[in-house]
Amino acid sequence: MIAESHLSIHTWPEHRYAAVDIFTCGDVLEPKVAADYLKELLGATQVSLVQLKRGLLNPEDVQNRRLVPPLPRTS
């Protein structure tokens with residue numbers, strides 16, 4: 001299903017509950033396709049989807065090495 005990224009499934013069978021995290025890289029993969037597949041496979045009757053964009057969101061920042069400075073150390 002996902003070759004370059006990964007997913008994790010946390011289950012609570014006693015509550016008939018599973019939480020799935022789908023981590024993807026790049027713009028090729030569609031996490032929604034994986035979520036729909038897992039919904040069908042697991043027989044889910046309720047689904048909540050949240051998408052979080054992580055990492056550097058502006059490719060120009062990567063190219064120009066304009067990275068966020070580190071947080072100051074605390075004593």
Side-chain angles (χ1 to χ4, degrees):
M1 178 174 23
I2 298 177
E4 68 177 315
S5 301
H6 69 278
L7 62 90
S8 62
I9 303 175
H10 309 276
T11 62
W12 291 265
E14 66 275 17
H15 300 290
R16 299 180 48 81
Y17 179 83
V20 179
D21 299 316
I22 302 171
F23 298 90
T24 62
C25 301
D27 297 327
V28 177
L29 299 175
E30 294 289 335
K32 176 85 168 69
V33 172
D36 290 343
Y37 175 77
L38 288 169
K39 175 185 174 183
E40 183 179 331
L41 183 70
L42 297 173
T45 56
Q46 289 185 312
V47 175
S48 173
L49 296 175
V50 177
Q51 180 177 346
L52 302 172
K53 293 191 181 269
R54 297 174 52 158
L56 298 171
L57 301 179
N58 185 351
E60 186 179 293
D61 288 341
V62 175
Q63 190 173 30
N64 296 326
R65 299 187 187 277
R66 289 193 304 243
L67 305 178
V68 176
L71 295 172
R73 292 182 180 219
T74 58
S75 321

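Values in this document were obtained by computation on a predicted structure and should not be read as measured data.
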* Are Leu49 and Val20 linked, directly or through other ILVMFWY residues, by side chains that come within less than 4.5 angstrom of each other? ->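 In one cluster with Leu49: Val20, no.
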* Asked: Same cluster or not: are Ile9 and Leu41 linked, directly or through other Ile, Leu, Val, Met, Phe, Trp or Tyr residues, by side-chain heavy atoms under 4.5 angstrom apart?
  ->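 Per the 4.5 Å side-chain linkage, Ile9 and Leu41 are co-clustered.
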* **Whether Thr24 side chain and Ser5 backbone form a donor-acceptor pair below 3.5 Å** => no
* To do: May I ask you to decide if the ring planes of Phe23 and His6 are parallel, tilted or perpendicular, using 30° and 60° as cut-offs?
  => parallel
* To do: Please indicate whether Glu14 has more than 12 foreign heavy atoms, meaning atoms of other residues, nucleotides or ligands, lying under 6.0 Å from its CD.
  =>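 Counting neighbours around CD of Glu14, more than 12 heavy atoms of other residues, nucleotides or ligands fall under 6.0 Å, so yes.
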* Asked: Taking side chain as C-beta onward, heavy atoms only, is Glu40 less than 4.5 Å from Asp36?
  ->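 Not touching, per the 4.5 Å side-chain cut-off.
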* **Non-hydrogen atoms of Pro31 and Ile22 that approach each other most closely** =>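 Looking at all heavy atoms of both residues, the closest pair is O-CD1, 3.9 Å.
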